[in-house]
Amino acid sequence: MAKVNPKLIDELKELGAFDISACYSCGVCTATCPLAQEGHEFPRKIIRYAILGLEDKLISSTEPWLCYYCGECTQSCPRGADPAGFMMAVRRYLTTHYDFTGFSRRFYRSKVVELISTILLFTVTVLSIYLVHGPIILTRVDLDSFLPPHIVELGDIVILVVLSALLLTNVYRMYRLTVMARNIPFTAYIKEFVRTVVPHFLTQIRMLKCNRNTLNWIMHILIVYGYATIFIFVVVFLDLFQTNVLYPIYSPIRLGGYIASAALLIGAGYAIYGRLRKDTVMRQYSHSTDWFFLTLLYLVVITGVLIDAFKYMGLPMETYIAYTVHLGLVTPLLVLEVPFAKWSHLAYRPFAIYFTRLNDLSKARTVQVTA
Amino acid sequence: MEGGNKIRIGVYVCHCGGNISDVVNVKKVVEEVRKEKDVVVARDFMFMCSEAGQKLIEDDIRSGKVNAVVVASCSPRLHEATFRAAITRAGGNPYMYYHVDIREECSWVHEDNKEEATNKAVRQIKAAIAYLRHAEPLSKIRVNCERSVLVIGGGIAGLRAALDLAESGLTVYLVERAPFLGGNAARIGRVKVFPYEKTAIDIVRELIERLRKMGNVAIYTNAEVENVSGYVGNFDVTIRVNPRYFRGKPNEYEIEELKKICPRKTRDEFSYGVSERTAIMLPPFNGAYPEIPAIDMALCDKCGLCTKVCNKVDLSQESQIIHLKVGAIVVATGFKPYKPEKGEYGYGLPGVVTLQELVGIINRYGDVVINGKRPRSIAFIYCVGSRQRREEGRKANEYCSRYCCIAALDVAVTIKEFLKGVTIYHVVRDVRSYGVNELLFEEASRQGQIIIKYDIDEGEPQVTYINGKPIVKVKDVLTEHMELELPVDLVVLVTGMEPSDGTADIAEKLKISRGTDGFLQEVHPNLGP
Ligand code: SF4
Ligand code: SF4
């Protein structure tokens, strides 16, 4: 017997599902959705959960993550209920629910929290750099003495560990909330993990199932790989990346850095441009956190490029300031976005495919057993 | 037929596509009836009603072969007129005609025995031939017609009809059984009725006002039709006007006293039983007609207290009999809301009311207050007393009332305007808000009102009462047939219509037919538009 919670819909409306009350459950959206399949008939089914206030049902659904926001449904909805925007709102909602600290919820629901936490993290980072920085040499650019790599490395590692831990606990909570499978052999868990999480994490190939999404997919890949490259440089090759050495242009580290930055600038730029123009369904409405994420990402890349430019131009003070600002921005970008907000989808999406698969397998087995 | 002009009968048997000829052997029928005395022509044709079919008859008449006609085809309901017209066109007498129904009365009901069906058709036609042998050619006559109309029922339909007729210059007698005009519409009161931007009471008030200004309208309230005789254009009607037991309109002071004085109390039907009234029935709304109170003798015990505060009370009045002559009668006896049985969808539990009672509450208090509080959630359960399943030993209204969905949506939208935060569930079988009323559905849906659809085969919604709250349990077809539990503050049973109490009586007096549902039967919209 399912109990209803009339407040649920209000919460979703705050997160961007403005028009969903107009839905009269015709199912056209599900019929046109290129990703919906038998057993996972979204978005209509998910809309019903939301409208009725079936909180448990909604939280245990993986379907919102299987939707890639192509907007097909919104374009065919006879009631103008914007089911695609609704699915996005549900993803925001789910993100706040997987997070056990409750911070995500605050972050999504209040711009004030968004702003204050960013400023706070920025200030803390800049302040710590101020406290730990080495001699400021103004005769030449000497980043290594301004901020010795081992200190940055330490910061990197701490952030990496903490964030991964947070994100993984969230994924574990997601598992507990969504996976009903209790009778699958351990090997299947492994096999399915390799089959789903790994390729989807690396390729986001499902995006291409919606024919409107090809360009989006390319841009998305640019961001993912641009970011991954820099991430690896920073975490693994920091000694080579942050250095006083002036590399020739064809050196892999310098060239790689340029290409990655360009990819990020194009990818994120495309996203910002689209959201300003509101040219597709997916970009009609931007939640404040969407803007927040994109702006931060863009600023991080630009300051990164500036560090490099100043270094090669031989402007020491400018380089140090750019570096400080860059790190000041990186911290909130990572700390806020990865475990608590938009960026967490890098884990939730592939894992949702995995968890859905586990549920399906378990259902199939149950049917077999009873048959 | 008069001497000299000997009867010459033509018989025309129709195949009706195959509707008749698949069962009745039409050829054989024609052969059989041809042998009859006085039959000069017997033919069969695929569709007698077609132009070619009619022409057969016309040609036979024009050539002088035939002067009396039998058509054996469908029921006379639609095509009797067709063939009479054909005869007239050819210069024959349209009353030297007999229409035999060998489709509804023969082929359709005797599919299982073709031979006997054929024999029966022959016998039916022979009877018609025999009839025509004795028939006289008739001609149309003119009779005078009274230029006055009786309208029975002073609800919104009766008021409207009376006004239109009066405006077209006819004398109108409007008869209402209750002591005041207005019927159900007046009781809907201050609820705005869709799609008009007006409240129901305003519409009623306006009609009454306009009607009273007409010089050619007589209104009888507290009155009943006793007897009707005569025929179209000339009806003799007897009306009994029951006494109001008042000699005139009491002044304001007396009204105030009258309100307090009477000790006999009952539920007030004007508020759908939400409040009480006494045996002295005062005009229930501003602009009600008449402005004179009436005493409800079924309740009054003649204690005489009221005579002491108002000298216009006259308990000795007797009913009056009035004779009228009218040319036509309009029956607008209306409906009464279905009254659920105790326990039907929780009716009788606190917090469970009918739609009409909710309307009564809104009118009475200008707000929705249940047990002293404004509800935060409301569930409307639809089709109560409509579309019922037939069960052994229980009367069932199998019809759709065709208004309650719309009424419920209308009330829900109204409520949502003054109870902003309220959550409203509509527990429906279907929402039949057809035509322009779709806009009402749209409005409700934009306001975030929630539709839950149940399938009667999976059981009806259950209403229980736990911890001081009604709870509706229902399986929602739209959500994987999941069983939902809705804890709400108020359950509203969206009750349908039943024929008003006087309907059976009036139908009997006027000899007009009623459908199996008990409502008066209108002319079929396709057959007599
Ligand atoms: S969102 Fe639109 S298309 Fe989908 S079920 Fe609702 S009304 Fe139909
Ligand atoms: S009008 Fe609506 S509530 Fe009334 S009987 Fe028909 S379907 Fe049911």
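As the structure is a computational prediction, the values presented were derived from the model and not from experiment. Residue numbers begin at 1 in each chain, while the letters A, B, ... track the order of the sequences. When reading the values below, keep in mind they use all heavy atoms of this one structure, side chains included, and skip hydrogens, waters and symmetry mates.
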Using non-hydrogen atoms only, which part of [X] is less than 4.5 Å away from chain A: side chain, backbone, both, or neither?
| X | value |
| --- | --- |
| Q449(B) | neither |
| I451(B) | backbone |
| I452(B) | both |

Find the distance between CD (E480(B)) and CD (E41(A)) and round it off to the nearest 0.5 Å.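 Rounded to the nearest 0.5 Å, the CD-CD separation comes out at 8.0 Å.
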What distance do I20(A) atom CD1 and S445(B) atom OG have between them, rounded to the nearest 0.5 Å?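 OG of S445(B) is found 10.0 Å from CD1 of I20(A).
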Given heavy-atom pairs under 4.5 angstrom as the criterion, report whether the side chain, backbone, both or neither of R79(A) touches chain B.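 Contact with chain B is through both the backbone and side chain of R79(A).
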Identify which part of L54(A) has an atom lying under 4.5 Å from any heavy atom of chain B, answering side chain, backbone, both or neither.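 When you check distances to chain B, only side chain atoms of L54(A) fall under 4.5 Å.
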Out of D10(A), I9(A), L52(A), return the one with the most heavy atom pairs under 4.5 angstrom to chain B.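 The answer is L52(A).
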Which pair of non-hydrogen atoms, one from R446(B) and one from A22(A), has the smallest distance, and what is that distance?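 For R446(B) and A22(A), the tightest heavy-atom pair comes out as NH1-CB, 3.3 Å.
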Between R48(A) and D476(B), does at least one N-O distance fall below 4.0 Å, as a salt bridge requires?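 A salt bridge links R48(A) with D476(B).
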Among L486(B), L478(B), T423(B), single out the residue with the greatest number of heavy-atom pairs under 4.5 Å to chain A.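 The residue among L486(B), L478(B), T423(B) with the greatest pair count is L478(B).
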Quick check: do Y24(A) and V431(B) have side-chain heavy atoms less than 4.5 Å from each other?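 They are not in side-chain contact.
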Does the side chain of S25(A) reach to within under 4.5 Å of the side chain of T479(B), using non-hydrogen atoms?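 S25(A) vs T479(B): side chains apart.
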